[in-house]
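Residue numbers start from 1 in every chain, and the chains themselves are labelled A, B, ... in the order their sequence lines are given, proteins ahead of strands. As the structure is a prediction and not an experimental result, all values here were calculated from the model.
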Amino acid sequence: MRHLNRATSHWFSMLRNATLLLAIVLAGFVSTSASAQLQLDITRGNIQALPIAIPSFVGSTGQVDQLSQNVTRVIINDLERSALFRAIDPATYIDQNANPDAMPRFPDWRVLNAQALAVGRIVQEADGRIRAEFRLWDVFGGKQIAGQRFFTQPDNWRRVAHIIADAIYERLTGEKGYFDTRVVFVDETGPKDNRTKRLAIMDQDGASVQYLTSGGDLVLTPRFSPSRQEITYMSYATGKPQVFLLNIDTGQREVVGNFPGMTFAPRFSPDGQRVVMSLQQDGNANIYTMDLRSKRTTRLTNSPSIDTSPSFSPDGSRIVFESDRGGSQQLYVMGGNGGEATRISFGEGSYSTPVWSPRGDLIAFTKRSQGQFLIGVMRTDGSGERTLTSGFHNEGPTWAPNGRVLMFFREPQGGNSGPQLWSIDLTGYNERQVTTPNFASDPAWSPLLN
Amino acid sequence: MFAQQVLRPLTRIFPVGGAVKILAVLLLGLAVAGCAGGDKYDVNASGGANAKPGSAQDFAVNVGDRVFFETDSTDLTARAKSTLDLQAQWLARYPNYNFVIEGHADERGTREYNIALGARRASAARAYLIARGINAGRMSTISYGKERPVAVCNDISCWSQNRRAVTTLKGASG
């Protein structure tokens, strides 16, 4: 309830997880300069990765230990997977014992062409918590450009690493990061004609997979709440396929609404207070919202067609959805409370699963064209359509909270194969598989946790 | 669970001969053979000739429990209609059965649209059976979208087996 009267639903700062404590800017070292000379422009495709030196963080004794090494590894992995950064091989470091508290010997790092240097330590406190500190240096500018200290429980060490990676990413790109996030998805096991599907959640880098349902019921299309540790998804648990809410922390589940038919394709409104979804009645599907507090339902479309996959614009003023009202599946935009819908997709083929970018300027979609399934983006008026990736079957894009990276699932052609998760930059570069324990589909990216 | 005791003797005497057969048909009309039995049937295991009349196996093998659709289409083909005609006759003859019509889609579509497409296919079959005089109260529909393929494959002829509406008997009502 504490988020109810938030004036604007800001995508980037929504979850304040109680388990993570305050980040404190490291006094005395903080840069006074807001206009960094060191700035990476990530809006262009296929840019050259920025060389960065990240010596292993040190532990309590001032020496590298297992925990500090693990944190460093996760930071480097985050930054390198973004393809915007290249970690310089530690074997080439001239200063092999960089002291996180001292001014770096910049010439030692300039000679390696390190544009930035990140140093830090992870210390066990007497009260059982860990203290994490890091500083980011502009090597050629010769000054500190970021510095933070965190206290948290040792179990949170991965999040500490992701938060530090986000801080580095943000300072050097000018964009919010996306590393301290999670992905909910459908884990798939068993043969194709008798597949077990379970809701699962993991860190965005594929670590820390946890299962949210047992696999006894068919579950599909999970999506994160923008404001709470909740997901909405479709389940066959009651025999009648319906939209559910699941609290990730407590495991509590409930059906969303009491509709006279199957409900599916749920998503949250940007303020997290409503769920928008399709209701199937006879041969037609129409779009409804339900207010989660008042339980009031509102019908948004009224057409003798299949209207589904609704997705709000980040300001809540508009909804993009797919409909076959014109014959084939195409994308339409209407107001956040319904009303007249305008078709925005006009390319060759059919379009589905539209998802509004958290930045508000683009819509990602699945397109079927010439026997292929591709992931693409277009502006919200349908102009500027661009293909990010294409193949036998790609489906269901989801945006990283900074709107720079998308995740989707890809299914190969052939017998008893199965889907896998992939990510790709908005530029169309840096396509890579996201490792999951089993087959996986229907990924949905969380907002930033910190 | 079902009224099996009524039907068991009938199905035993059914194959014997002319006079008995007439008796059997009469009895069928009287006793209302609403029996799917507890027996699991396997469509592939035995031919239709061996199926007990009025059994789920009889329905699946001798009538046809499923109809198929063209790609992206929810229109009933001529062949689908003739299968549904047979289903309607059978369901009229054995009025104690309630049933579920399951709608399915092939894998060449996106998940959410396919859920709606499967529902529309089930709805098309339902409307046809109602038009053929079957009481709407006996039937319900469910869609599985592309989640429950019967055939695991990657070519057009194979996908067509997955674009289906399947009438699944639930057993006798009342």
Sidechain-backbone polar pair: T83(B) side chain, R79(B) backbone, donor-acceptor under 3.5 Å: yes

Under 4.5 Å from any heavy atom of chain A - which part of R148(B): side chain

Trace of the salt bridge (Lys or Arg N to Asp or Glu O under 4.0 Å) decision for E411(A) with K146(B): CA-CA 13 Å; E411(A) 191 135 16; K146(B) 62 175 173 179; 5.5 Å; no

R267(A) and E112(B): CA distance, side-chain angles, deciding distance, salt bridge (Lys or Arg N to Asp or Glu O under 4.0 Å) verdict: CA-CA 12 Å; R267(A) 276 185 200 280; E112(B) 291 172 344; 5.6 Å; no

When N284(A), L220(A), T366(A), N194(A) are compared by non-hydrogen pairs under 4.5 Å with chain B, the top option: L220(A)

Contact class of I115(B) relative to chain A, heavy atoms under 4.5 angstrom: both

Under 4.5 Å from any heavy atom of chain B - which part of D324(A): side chain

F68(B) six-ring centre to R121(B) NZ/CZ under 6.0 Å and within 45° of normal: no

Any donor-acceptor N/O pair, R93(B) side chain to P95(B) backbone, under 3.5 Å: no

Contact origin within S309(A) toward chain B - heavy atom pairs under 4.5 Å: both

Heavy-atom side-chain proximity of R108(B) to H393(A) below 4.5 angstrom: yes

Which atoms of D72(B) approach chain A - backbone, side chain, both or neither, heavy atom under 4.5 Å: side chain

Structural part of R368(A) lying under 4.5 Å from a heavy atom of chain B: side chain

When D442(A), T308(A), I306(A) are compared by non-hydrogen pairs under 4.5 Å with chain B, the top option: I306(A)

Top contributor to chain B interface from G283(A), S328(A), A285(A) [non-hydrogen pairs under 4.5 Å]: G283(A)

Residue S143(B) versus chain A: region with a heavy atom under 4.5 Å: both

Parallel, tilted or perpendicular: rings of W90(B) and Y97(B) (30°, 60°): tilted

Chain A interface, residue from A122(B), S123(B), G145(B), G103(B) that has the most non-hydrogen pairs under 4.5 Å: S123(B)

R164(B)/E102(B) under salt bridge (Lys or Arg N to Asp or Glu O under 4.0 Å): CA gap, chis, key distance, verdict: CA-CA 8 Å; R164(B) 67 201 193 277; E102(B) 297 175 357; 5.4 Å; no

Crowding at CD, Q281(A) (>12 non-hydrogen neighbours, <6.0 Å): yes

Contacting region of Y351(A) [heavy-atom separation from chain B under 4.5 Å]: neither

Segment of K197(A) engaging chain B (4.5 angstrom heavy-atom cut-off): side chain

Top of G109(B), S140(B), A119(B), A124(B) for chain A proximity - count of heavy-atom pairs under 4.5 angstrom: G109(B)

